Amino acid sequence: MRIFLPFLLVLSACSSPDVIRVGSKNFTENVFLGELIAQQIDRRTEYRVERRLNLGGTFLCHEALLAGEIDVYPEYTGTALTAILEEPVESDSGAVFDRVREAYAEKFQLVWTKPFGFNNTFAVLVRKEDAQGIETISDLAAVAPNLTIGFNFEFLEREDGWPGLSKEYGLAFADKPKTLDLNLVYQALEAGQVDVAVGNSTHGLIEKLGLRMLRDDKGYFPPYDAAPVVRQATLERFPGLREALDELGGAISQVEMQRINRELDVEQRRVEDVAKAVLAGLE
């Protein structure tokens, strides 16, 4: 994909075969998971780690991984299934993991290691004071013509994003969706800039800002179990790396991830400090 070429050329000029390069997407939770991976490699191996966190969206990180400009980054199974593999939605968590693991190995020579332990699905959100009689996304469809909605640009384009969601539930809002930075959609909803927002279910601001998550009563969204994705060539070059990454399997529950995001986004704790504390708890 040529749109990534300038970025990847810059990374290539700085690459070294002697280090493990850890990347991440450009939102708080994924940056944290990238830092967690980096610190885990630091503590469990003697290999040098280079952090390339906060790179950008899904497709940029995936292309960087394929090009060998990063060696590992945290991804979500539902995103891999629908956005990367462009396959139909599947609701069974185990089946989705098995499918993306097999397809990534066959098509890309990439390996999914053990999931962290939580599912960060999309969250359709409203303000609590506006949620009377609106508990599900189906309920929202009846009042949507009087409301506005906002979400990040990637959701507008994704196979599991806005086109399919609006069709599945018959959602028609007063205006075209507003596209916002993913880290700003929660504040935009709380401030009244939009009436409905689509964010991430584990985000710490949902509780802090008094937002209500509507139930996906038709099961539109697939599971989004987070896990490290690593190049097969990297695992072969660095013995013991697979074992170090697998130790992170099941380390973070849904509730724990919500707490971590609250510490990062609300309490403004440093990503490095929170990752260090989480790893200390695994001892």
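All figures in this text were calculated on a predicted structure; none of them were measured in a lab.
- Val89 and Ile137 fall into different hydrophobic clusters, where Ile, Leu, Val, Met, Phe, Trp and Tyr side chains are chained together by heavy-atom contacts under 4.5 Å.
- Of the possible polar contacts, one joining the Asn30 side chain to the Pro74 backbone as a donor-acceptor pair under 3.5 Å is found.
- Atoms SG and CD, on Cys61 and Glu69 in that order, are 12.5 Å from each other to the nearest 0.5 Å.
- Using a 4.0 Å cut-off between charged nitrogen and carboxylate oxygen, Arg48 and Glu50 do not count as a salt-bridge pair.
- Nearest heavy-atom pair across Arg212 and Ala131 is NH1-CB, 3.8 Å.
- Salt-bridge check for Lys25 with Glu75: passed, with a basic side-chain N closer than 4.0 Å to an acidic carboxylate O.
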Criterion side chain to side chain contact (heavy atoms under 4.5 Å, CB included) on Val229 and Val111, from CA distance to verdict = CA-CA 6 Å; Val229 180; Val111 177; over 6 Å; no
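- Using a distance-only test at 3.5 Å, with no hydrogens or angles considered, no donor-acceptor pair links the side chain of Asn119 to the main chain of Pro223.
- The closest donor-acceptor contact from the side chain of Asn261 to the backbone of Thr202 lies under 3.5 Å.
- In this structure, Thr77 contributes its side chain and Asp225 its backbone to a donor-acceptor pair below 3.5 Å.
- Of all heavy-atom pairs spanning Pro115 and Ala227, the tightest one is CA-CB, 3.6 Å.
- In this structure, Ala80 and Tyr104 approach most closely via the heavy-atom pair CB-OH, 3.3 Å.
- Under the 4.5 Å side-chain heavy-atom criterion for Ile, Leu, Val, Met, Phe, Trp and Tyr, Ile206 and Leu184 are members of distinct hydrophobic clusters.
- Under the 3.5 Å distance criterion, the side-chain polar atoms of Asp71 are left unmatched by any main-chain donor or acceptor of Val22.
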Can you give the donor-acceptor pairs under 3.5 Å from side chains of residues 141-156 to other protein atoms, not counting sequence neighbours?
from	atom 1	to	atom 2	distance (Å)
Thr148	OG1	Asp195	N	3.3
Thr148	OG1	Asp195	OD2	3.2
Asn152	OD1	Phe155	N	3.4
Glu154	OE1	Thr58	N	3.2
Glu154	OE2	Thr58	OG1	2.9
Glu154	OE2	Arg158	NH1	2.9

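- Between the side chain of Thr45 and the backbone N or O of Ile41, at least one donor-acceptor pair lies under 3.5 Å.
- Without hydrogens or angle criteria, Asn200 side chain to His203 main chain gives no donor-acceptor distance under 3.5 Å.
- Using a 4.5 Å cut-off on side-chain heavy atoms (C-beta onward), Leu205 and Leu211 make no contact.
- Residues Ser91 and Phe221 have side chains not in contact (no heavy-atom distance under 4.5 Å, counting atoms from C-beta outward).
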inquiry  = Using side chain to side chain contact (heavy atoms under 4.5 Å, CB included), reason through Phe116 and Ile37 one step at a time and then give a plain yes or no.
reply    = CA-CA 11 Å; Phe116 292 105; Ile37 291 170; 4.1 Å; yes
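- A salt bridge does not link Lys114 with Asp246: none of the charged nitrogens is closer than 4.0 Å to a carboxylate oxygen.
- Rounding to the nearest 0.5 Å places CG of Leu66 at 8.0 Å from CD1 of Ile84.
- By the 6.0 Å and 45° rule, Lys218 stacks over the aromatic ring of Tyr169.
- Salt bridge Arg215/Glu135: absent, no basic N to carboxylate O contact under 4.0 Å.
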request  = Take Arg237 and Asp18 through the test salt bridge (charged side-chain N to carboxylate O under 4.0 Å, His left out) and record every step on the way to the result.
outcome  = CA-CA 10 Å; Arg237 191 165 73 249; Asp18 300 324; over 6 Å; no
inquiry  = Is there a side chain to side chain contact (heavy atoms under 4.5 Å, CB included) between Thr234 and Leu241? Walk through the geometry before answering.
reply    = CA-CA 8 Å; Thr234 300; Leu241 175 60; 3.7 Å; yes
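- The side-chain heavy atoms of Gln187 and Gln193, taken from C-beta on, include no pair separated by under 4.5 Å.
- Note that CD1 of Ile70 and CD of Glu63 are 10.5 Å apart. Values are rounded to the nearest 0.5 Å.
- What you find for Val194 and Arg127 is that their closest heavy atoms are O-NH1, 2.8 Å.
- Of all heavy-atom pairs between Leu214 and Ile134, the closest is CD2-O, 3.4 Å.
- Just one of Tyr76, Tyr73, Phe108 meets the ring-ring contact (aromatic ring centres under 6.0 Å, His included) condition when paired with His62; it is Phe108.
- Tested against Arg262 for a salt bridge (Lys or Arg N to Asp or Glu O under 4.0 Å), the candidates Glu207, Glu29, Glu256 yield a single pass: Glu207.
- Other residues, nucleotides and ligands place no more than 12 heavy atoms under 6.0 Å from the CD atom of Gln132.
- In the displayed structure, Gln254 atom CD is contacted under 6.0 Å by more than 12 heavy atoms of other residues, nucleotides or ligands.
- By the ring pair (Phe, Tyr, Trp, His ring centres under 6.0 Å) test, Phe32 is found to be paired with no residue, residues two or more places apart in sequence or in another chain being considered.
- Listed for the Tyr47 side chain is a donor-acceptor partner under 3.5 Å among the backbone atoms of Pro239.
- With a 6.0 Å radius and a threshold of 12 heavy atoms from other residues, nucleotides or ligands, Gln232 has its CD atom above the threshold.
- Within the 4.5 Å cutoff, the side chain of Glu247 has no heavy atoms near those of the Leu282 side chain.
- Here the CG-CG distance, from Leu189 to Leu125, works out to 6.5 Å after rounding to the nearest 0.5 Å.
- Within 6.0 Å of CD on Glu267 lie more than 12 heavy atoms contributed by other residues, nucleotides or ligands.
- Residues Leu279 and Val271 are members of one and the same hydrophobic cluster, defined by side-chain heavy-atom contacts under 4.5 angstrom among Ile, Leu, Val, Met, Phe, Trp and Tyr.
- Using a 4.5 Å cut-off on side-chain heavy atoms (C-beta onward), Thr121 and Asp216 make no contact.
- Salt bridge status for Lys276 with Asp273: absent, with no side-chain N to carboxylate O gap under 4.0 Å.
- A donor-acceptor contact shorter than 3.5 Å links the side chain of Gln40 to the backbone of Ala244.
- Side-chain contact check for Leu65 versus Leu110: some heavy-atom pair is nearer than 4.5 Å.
- Nearest heavy-atom pair, Met213 versus Ala123, reported as atom, atom and distance to 0.1 Å: SD-CB, 3.4 Å.
- Counting heavy atoms from C-beta outward, Asn26 and Leu55 have side chains that stay 4.5 Å or more apart.
- Of the inter-residue distances, the one linking Leu248 atom CG with Leu245 atom CG reads 6.5 Å to the nearest 0.5 angstrom.
- Side-chain atoms of Phe173 and Val196, non-hydrogen and from C-beta on, do get closer than 4.5 Å to each other.
- Residue pairs meeting the salt bridge (Lys or Arg N to Asp or Glu O under 4.0 Å) criterion with at least one member in residues 97-111, sequence neighbours excluded, are Glu87-Arg99, Asp98-Arg101.
- Phe122 contributes atom CZ, which lies 8.5 Å from atom OH of Tyr220 (distance to the nearest 0.5 angstrom).
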